[in-house]
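As structure tokens, the structure follows; a few thoughts come after it.
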Amino acid sequence: GEHLNVVGLGDGEGGHLGLVALKKLGITKLGKIWTGVSVRHQGMLAAAESFIRHTRWRGPFELECMVEGERIHLIEINPRFPAWAYFSTGVGVNLPARLVRLLAGLPVERDWDYPAGKLFIRYTYEVVADMTAFQDLVTGGSHLPAAPAMAVGAQS
């Protein structure tokens, strides 16, 4: 089947403050998402809404499922935002901001329409630094020095 995930935010009363579904396209050796695409799988979204309604879930969650046609097999429930939670914001459903508003007792938007077919890509970034700065950080807890500013028009 297809590996589909849903990130959501339950209101604690059986409703929700938004859902976003994603299909994993590429994963790491540990099964973590490397690339994915937003999807509007109605069965999966309905299953997430049923989960929220029956548990009266309050707060963030991720459902991980394998989907074969109309059959949805729940693999895991994570009681937190997943590492890819920013993707929801990227497709127009800012779940972390809604959580902050919920916790502050402020009105929270419930619209959660988002486009299917938006791509998620995780990437790595490599940093080159002086080894002594790293040693100072590890042994003494000091901070790495800021990179030297380069003057506009300076020659390398």
- Looking only at atom types and distance, does a side-chain atom of S38 sit under 3.5 Å from a main-chain N or O of L22, one as donor and one as acceptor? no
- Query: Where is the tightest heavy-atom contact between G8 and L19, given as atom of each residue plus distance?
  - Reply: CA-CD2, 3.8 Å
- Decide yes or no for H41 and K23: does some side-chain heavy atom of the first lie under 4.5 Å from some side-chain heavy atom of the second? no
- Would a 4.5 Å heavy-atom cut-off, applied to side chains only, mark I77 and F51 as touching? yes
- Query: Would a 4.5 Å heavy-atom cut-off, applied to side chains only, mark L99 and P60 as touching?
  - Reply: yes
- Task: For Y114 and V39, indicate whether the former's side chain and the latter's backbone hold a donor-acceptor pair under 3.5 Å.
- Result: yes
- Query: Just wondering, do S88 and P96 contact through their side chains at under 4.5 Å, heavy atoms?
  - Reply: yes
- Message: Please find the pair of heavy atoms, one from V93 and one from D113, that lie closest to each other, and give the distance.
- Response: CG2-O, 3.9 Å
- Message: Hydrophobic clustering (ILVMFWY, side-chain heavy atoms < 4.5 Å, transitive) - are M44 and L74 grouped together?
- Response: yes
- Message: If we check side chain to side chain donor-acceptor pair (under 3.5 Å) with D11, which of these qualifies: R110, H16, R56?
- Response: R110
- Query: Do M66 and H3 touch side chain to side chain, with heavy atoms closer than 4.5 Å?
  - Reply: yes
- Check the angle between the aromatic planes of W57 and F61 and answer parallel, tilted or perpendicular using the 30° and 60° thresholds. perpendicular
- Item | Residue pair V91 / P115, side-chain heavy-atom distance below 4.5 Å | yes
- On a heavy-atom basis, the closest approach of R40 and A116 is CG-CB, 3.8 Å
- Message: Using the rule that Ile, Leu, Val, Met, Phe, Trp and Tyr join whenever any side-chain heavy atoms are under 4.5 Å apart, tell me whether L106 and L95 fall into a single cluster.
- Response: no
- Message: Using side-chain heavy atoms (C-beta onward) and a distance below 4.5 Å, is L102 in contact with R58?
- Response: yes
- Item | Min side-chain heavy-atom separation L17-R101 under 4.5 Å | no
- Query: Linking I/L/V/M/F/W/Y whenever any side-chain heavy atoms sit under 4.5 Å apart, do V100 and F81 land together?
  - Reply: no
- Exceeds 12 heavy-atom contacts within 6.0 angstrom, atom CD of E76: yes
- Output for pair (D130 CG, D136 CG), nearest 0.5 Å, gives 9.0 Å
- Indicate, with yes or no, if V67 and I27 share a hydrophobic cluster defined by side-chain heavy-atom contacts under 4.5 Å among Ile, Leu, Val, Met, Phe, Trp and Tyr. no
- Task: Taking all non-hydrogen atoms of both residues into account, name the closest pair between C65 and N5 and its distance.
- Result: N-OD1, 4.3 Å
- Message: Count I, L, V, M, F, W, Y as connected when their side-chain heavy atoms are under 4.5 Å apart, and connections chain through other members. Are V37 and Y86 then in the same cluster?
- Response: no
- Spatial distance of atom CD1 (I75) from atom CD (E64) [nearest 0.5 Å]: 6.5 Å
- Item | Gap separating the CG atom of L25 from the CG atom of L119, nearest 0.5 angstrom | 7.0 Å
- Return the minimal non-hydrogen interatomic distance between V20 and W84, and the atom names on each side. O-CH2, 3.9 Å
